[in-house]
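See below for the structure under consideration.
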Protein chains: 2
Amino acid sequence: MTTARPKPRAGAPKSGHNHRACIATALAAAEKLCAARGEQLTALRRRVLELVWAGHKPVGAYQILDILRGDGRSAAPPTVYRALDFLLAQGLVHRVESLNAFIGCPHPGETHATQFLICSRCGTAVELDDAGIDKAIDGTAARMGFVIAARTVEISGTCAECRGR
Amino acid sequence: MTTARPKPRAGAPKSGHNHRACIATALAAAEKLCAARGEQLTALRRRVLELVWAGHKPVGAYQILDILRGDGRSAAPPTVYRALDFLLAQGLVHRVESLNAFIGCPHPGETHATQFLICSRCGTAVELDDAGIDKAIDGTAARMGFVIAARTVEISGTCAECRGR
DNA sequence: GGAACGGCGTTATAGTATAACATACATGAC
DNA sequence: GTCATGTATGTTATACTATAACGCCGTTCC
């Protein structure tokens, strides 16, 4: 039998978690996915993905650019945007529209719903995979005769950890 | 008794509708709302609102700026952004994050859910007021201990009318 | 070899948004 | 009356975000 629809996940990063492991996992998954697809995860693209994964906060393209330049590498805006376009096309990163920023996808290569809970206090964005939200959207769109191509669901507020403080 | 929670509405504009009426209604509602709140709907703010309501498509700030200049008025980016900030604060317009653009709110002053169906073919954006979608989001956020401050739900795709063509 | 392609460098420019300071006008205090 | 205050707008400059266009280089394939 084939794998069933993936279960909802909500990877709220613990504040004390070993983030190096997050990065390593993400890079390994990206290598594997690109290899399987015959796509080239070049050194530049890999580095940009690593920078997007620097934390669980969405990162702006120009923040990435500054770091690339700090690497000693020659870089201009298209350097970053082209790499991001590739990573977006491969589903390795998501764009956060309400912040004009980018964040790593914690489970690339798998079909999943995508919603974000964005804490305006600490900046952390958690990716949800809530089929119920998508279902609700699907139903309404269907009633309107609207064919969905893409969804943007970004909820801003205060995360549990910040609220506790 | 007090007025109950407003019913879901979804004002899909008919292609042949009398849009002048939409504009007139929106401006009248804005006048009324601002008067009730003691806020000043100045000539500039009124004009910007009118321009946002030029159609049912989200409008960019610089599109508005160009038209204001065409009016013979002196205008610079802050002219437009300040007016838009006011209109946003009063709930008279919404910002469409995925387009960096603005659209008039069809029922200002009433509590309502806000989602957009954005047709990538004709550019029309329809505002939904679907409590079910918000409910689904609320539930998931609550389970995560997340306190919601604002929601962005923007669905892009093809509207019924464009699909028919 | 050389044509075709993908990835990246480089320069320039387009598009979106805000900071900071100046001006104008209305209102109310004295 | 005029002075202080507050709000709205004018004005200039700049920051931030994104893409167009062209060229170079290396690989692959014939």
Side-chain angles (χ1 to χ4, degrees), chain A residues 30-31 34-35 37-52 57-90 92-103 123 152 154, chain B residues 30-31 34-35 37-52 57-90 92-103 118 123 125 152 154:
Chain A
E31 296 279 13
C34 289
R37 291 173 177 167
E39 298 286 350
Q40 300 182 46
L41 187 64
T42 62
L44 173 63
R45 289 167 175 175
R46 195 174 192 283
R47 176 66 173 143
V48 170
L49 180 59
E50 188 183 13
L51 293 175
V52 167
K57 308 180 185 192
V59 182
Y62 281 73
Q63 287 179 257
I64 294 170
L65 180 56
D66 287 345
I67 299 173
L68 286 182
R69 284 174 168 158
D71 286 353
R73 175 190 289 276
S74 159
T79 309
V80 173
Y81 281 101
R82 284 191 290 227
L84 287 171
D85 284 348
F86 172 83
L87 297 170
L88 286 166
Q90 298 305 318
L92 296 166
V93 307
H94 296 293
R95 183 177 157 80
V96 181
E97 299 291 347
S98 57
L99 298 174
N100 293 328
F102 303 85
I103 190 165
T152 299
E154 300 173 6
Chain B
E31 297 279 11
C34 288
R37 292 174 177 167
E39 299 284 351
Q40 301 182 45
L41 186 64
T42 62
L44 173 62
R45 290 165 175 176
R46 194 175 192 283
R47 176 65 173 141
V48 170
L49 180 59
E50 187 183 12
L51 293 174
V52 167
K57 308 181 185 190
V59 182
Y62 281 73
Q63 286 178 257
I64 294 170
L65 180 56
D66 286 346
I67 298 173
L68 285 182
R69 284 174 167 156
D71 285 352
R73 175 189 288 278
S74 158
T79 310
V80 173
Y81 281 102
R82 284 191 289 227
L84 287 170
D85 285 347
F86 171 85
L87 298 171
L88 286 166
Q90 297 305 318
L92 296 166
V93 307
H94 296 293
R95 183 178 156 79
V96 181
E97 300 291 348
S98 57
L99 297 175
N100 294 328
F102 303 85
I103 190 165
I118 305 163
T152 300
E154 300 173 6

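First the proteins, then the strands, lettered A, B, ... as listed; each starts at 1.
Atom C1' of nucleotide dA8(D) and atom CG of D85(B) are separated by 13 Å, given to the nearest angstrom. Rounded to an integer number of Å, the gap from CG of L65(A) to P of dA18(D) is 12 Å. For E39(B) and dG6(D), the CD to P distance is 16 Å, given to the nearest whole Å. The distance from atom CG of L84(A) to atom P of dC16(D) is 18 Å, rounded to the nearest whole Å. At whole-Å resolution of the value, CZ in R69(A) and P in dG9(C) are 11 Å apart. dA8(D) atom P lies 15 Å from atom CZ of R73(B), rounded to whole Å. The distance between atom CG of N100(A) and atom C1' of dA17(C), rounded to the nearest whole Å, is 10 Å. Rounded to an integer number of Å, the gap from CD of Q63(B) to P of dT16(C) is 8 Å.
A donor-acceptor pair is defined here as one N or O able to donate and one able to accept, closer than 3.5 Å; such a pair exists between the side chain of R45(A) and the backbone of Q40(A).
Note on Y81(B): a side-chain N or O is less than 4.0 Å away from OP1 or OP2 of dA17(C). The shortest distance between the side-chain N/O atoms of S74(B) and the OP1/OP2 oxygens of dT9(D) is not below 4.0 Å. In terms of phosphate contacts, R82(B) brings no side-chain nitrogen or oxygen within less than 4.0 Å of OP1 or OP2 of dA20(C). Between dT11(D) and T79(B), no contact under 4.0 Å exists linking OP1 or OP2 to a side-chain N or O. Close to dG7(C), at under 4.0 Å from its OP1 or OP2, lies a side-chain N or O of Q40(A).
Judged by closest nucleotide on DNA chain D, R45(B) is the one of A61(A) and R45(B) placed further toward the 5' end. Of the two residues near DNA chain C, A101(B) and L44(A), the one whose nearest nucleotide lies more 5' is L44(A). Comparing A75(A) and F86(A) by the nucleotide of DNA chain C that holds the closest heavy atom to each, the one mapping nearer the 5' end is F86(A).
For R95(A), the listed nucleotide lying nearest its side chain is dA18(D); candidates were dC8(C), dA8(D), dA18(D). Checking dT19(D), dT12(D), dA17(C) against the side-chain heavy atoms of P78(B) singles out dT12(D) as nearest. Comparing dT12(D), dT11(C), dC8(C) by their nearest atom to the side chain of A76(B) picks out dT12(D).
The line from NZ of K57(B) to CD1 of I103(B) is 10.5 Å long, rounded to the nearest 0.5 Å.
A side chain to side chain contact (heavy atoms under 4.5 Å, CB included) with V48(B) is found for exactly one of L87(B), I67(B), L92(B), namely L87(B).
With hydrogens and angles ignored, a donor-acceptor pair closer than 3.5 Å exists between the side chain of Y62(B) and the base of dA17(C).
Shortest non-hydrogen contact noted between P58(A) and A101(A) is CB-CB, 3.6 Å.
Under 3.5 Å, the side chains of E97(A) and S98(B) contain no donor-acceptor pair of N or O atoms.
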